[in-house]
Amino acid sequence: MSSTVSHQRDKRSFDYAIRSGIAGGLAGCIAKTAVAPLDRVKILFQASNPDFQKYAGTWTGAYRAGLAIYRDGGARGLLQGHSATLLRIFPYAAIKFMAYDQWRALVIPNRDKETNFRRFTAGALAGMTSVTFTYPLELVRVRMAFHSRLSSSSDQTRPSFLRAMRVIYNEGSTSSPATRTTAAQIFERFPVLKFYRGFSVTMVGMIPYAGTAFLTWDFLRAHFFPVIDDHSKRPHPLANLAIGAVSGAISQTVSYPFEVVRRRMQVGGLTRPDRWLRWGETVRAVYASGGWRGFYVGLGIGYLKIIPMTAISFAVWQGGKSLLGV
């Protein structure tokens with residue numbers, strides 16, 4: 001295999017987009033599977049599941065929470081919600097990486113316009129594009145991962161993907177017409193909106209997350225593997241892993257408070273099924289429960305998850321593109 005790669009191929013072509021998307025989708029599935037147990041624990045911490053709050057706040061808490069989940073449900077418990085994750089992550093990652101190539105080619109048409117702001121913009125637009133198309137699957141995944149049987153003596157059924165969808169669809173449908181709020185009436189008329197709880201904060205949070213991740217990725221690759229005469233040295237897979245890890249760590253740090261607020265809003269249908277949880281009240285609830293530290297609960301396990309996940313996803317994406325000839 002050649003150690004250099006040409007930059008002459010048309011990245012705006014349909015063939016290039018499809019191949020990049022397939023590589024990205026597979027990369028996302030492999031990366032998510034590698035960190036699935038950590039993802040489950042992180043969601044339980046972020047959403048303040050009452051069964052697991054006693055474990056939050058310490059480095060050993062994630063390990064003890066994982067043991068509790070394993071004792072309760074075995075290996076399947078650690079992977080609870082992962083089926084929804086895979087259904088979501090392939091189109092999400094495929095669209096994100098494919099969109100990044102397309103947005104980057106549009107925002108940075110030549111090397112003279114290759115600035116960090118444009119790199120950030122391309123990444124942010126790619127993340128927002130993928131979220132727009134796949135958010136309902138993300139909400140179902142979070143609900144499945146949030147469910148705990150430790151205190152649910154009345155319902156020992158492990159939530160399936162379809163069952164979680166039915167629960168979300170029917171939230172708030174039992175209240176009487178006289179007591180329904182305006183939001184509840186909107187939910188009743190347009191039940192699909194129930195699958196978009198927390199969508200606004202997700203979109204806002206995606207700007208710093210995806211923007212910073214792709215900015216860091218693109219900047220470090222351009223710094224260590226510069227393009228010369230339309231050719232650049234092909235990075236070793238270990239280099240892609242290292243650059244991806246740094247990108248994940250930085251993006252996780254700058255966007256984490258948004259993620260905590262988003263998780264609270266996503267599970268809000270379990271506590272207030274008749275209406276949307278607003279940004280302000282959710283932020284106040286997070287602050288009331290833990291002060292400013294509440295916005296960073298689970299950040300330690302977030303690093304344990306996001307750093308290897310981002311490293312694997314970027315490295316596998318590049319490897320997949322190489323195998324597919326792009």
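Keep in mind it's a predicted model, so treat the numbers as computed, not measured.
The closest side-chain heavy-atom distance from Thr33 to Leu86 is below 4.5 Å. Under the 4.5 Å side-chain criterion, counting only non-hydrogen atoms from C-beta, Gln318 is not in contact with Ser322. When side chains are defined from C-beta on, Arg104 counts as touching Glu114, because their heavy atoms get closer than 4.5 Å. Side-chain contact between Glu259 and Gln252 is present, with heavy atoms from C-beta onward closer than 4.5 Å. Within the 4.5 Å cutoff, no side-chain heavy atoms of Phe258 are placed close to those of Thr202. Using a 4.5 Å cut-off on side-chain heavy atoms (C-beta onward), Leu215 and Phe117 make no contact. The shortest distance between side-chain heavy atoms of Pro235 and Phe224 does not fall below 4.5 Å. Between Ile243 and Phe225, some side-chain heavy-atom pair lies under the 4.5 Å cut-off.
Looking at every heavy atom in both residues, Ala315 comes nearest to Pro237 through CB-O, 4.2 Å. In plain terms, the two heavy atoms of Gly24 and Ala93 that are nearest each other are O-CB, 3.2 Å. Scanning all heavy atoms of the two residues, the minimum distance from Gly320 to Ala23 falls at C-CB, 3.7 Å. Shortest non-hydrogen contact noted between Phe199 and Tyr135 is N-OH, 3.5 Å. Of all heavy-atom pairs spanning Val254 and Ser251, the tightest one is CG2-O, 3.4 Å. Of all the heavy atoms in Gly21 and Ala94, the pair that sits closest is O-CB, 3.1 Å.
Below 30°, between 30° and 60°, or above 60°: for Tyr100 and Trp317 the angle between ring planes is above 60°, a perpendicular geometry.
When atom types are taken as modelled, the side chain of Thr129 and the backbone of Leu125 share a donor-acceptor pair closer than 3.5 angstrom. Judged purely by atom type and a 3.5 angstrom limit, Ser313 uses its side chain to pair as donor or acceptor with the backbone of Thr310. Side chain of Arg118 to main chain of Ile108: no donor-acceptor pair is present (N/O by atom type, distance under 3.5 Å, no hydrogens or angles). Under a 3.5 Å cut-off, the side chain of Ser20 and the backbone N or O of Ala17 do not form any donor-acceptor pair. Remark: side-chain polar atoms of Thr212 are not paired, donor with acceptor, to backbone N or O of Tyr209 under 3.5 angstrom.
Leu241 and Leu220 are members of different hydrophobic clusters when ILVMFWY side chains are connected at heavy-atom separations under 4.5 Å. Transitive grouping of hydrophobic side chains (ILVMFWY, heavy atoms separated by less than 4.5 Å) brings Tyr287 and Tyr256 into a common cluster. In the hydrophobic clustering of ILVMFWY residues, with side-chain heavy atoms under 4.5 Å counting as a link, Val246 and Leu238 come out apart. In the hydrophobic clustering of this structure, Ile18 groups with Phe90; members are Ile, Leu, Val, Met, Phe, Trp, Tyr whose side-chain heavy atoms approach within less than 4.5 Å, directly or through other members. Hydrophobic cluster membership is shared by Ile207 and Val260, with clusters built from Ile, Leu, Val, Met, Phe, Trp and Tyr side chains linked at under 4.5 angstrom.
Ile30 contributes atom CD1, which lies 12.0 Å from atom CD1 of Ile89 (distance to the nearest 0.5 angstrom). Rounded to the nearest 0.5 Å, atoms CZ (Phe14) and CD (Gln102) are 10.5 Å apart. With rounding to the nearest 0.5 Å, the separation of CD1 in Ile312 from CG in Asn240 is 13.0 Å. Summarising the geometry, atom CE belonging to Met206 is positioned 9.5 Å from atom CE belonging to Met128; distances are rounded to the nearest 0.5 Å. Atom CD1 in Ile307 sits 10.0 Å away from atom CD1 in Ile250 (nearest 0.5 Å). Rounding to the nearest 0.5 Å gives a distance of 4.5 Å between CD1 of Ile69 and CZ of Arg40.
Between Arg119 and the options Phe219, Trp217, Phe214, a side chain to side chain contact (heavy atoms under 4.5 Å, CB included) holds for only Phe219. Just one residue in the list Leu38, Val41, Leu299 forms a side chain to side chain contact (heavy atoms under 4.5 Å, CB included) with Leu304, and that residue is Leu38.
Cation-pi contact between Arg88 and Tyr92: present, with separation from the ring centre below 6.0 Å and deviation from the ring axis of at most 45°.
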(request) Might you work through the side-chain contact (heavy atoms from CB on, under 4.5 Å) test for Glu138 and Tyr196, ending with a clear yes or no? (result) CA-CA 9 Å; Glu138 161 71 359; Tyr196 282 87; over 6 Å; no

(message) If you apply the rule side-chain contact (heavy atoms from CB on, under 4.5 Å), what do you find for Phe295 with Val261, and how did you get there?
(response) CA-CA 8 Å; Phe295 294 97; Val261 174; 4.1 Å; yes

(request) Take Trp103 and Thr121, measure what side-chain contact (heavy atoms from CB on, under 4.5 Å) needs, and give me the verdict at the end. (result) CA-CA 9 Å; Trp103 281 117; Thr121 300; over 6 Å; no

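Ion pair Asp101/Lys96 not flagged as a salt bridge, since none of the NZ, NE, NH1 or NH2 atoms sits closer than 4.0 Å to an Asp/Glu carboxylate oxygen.
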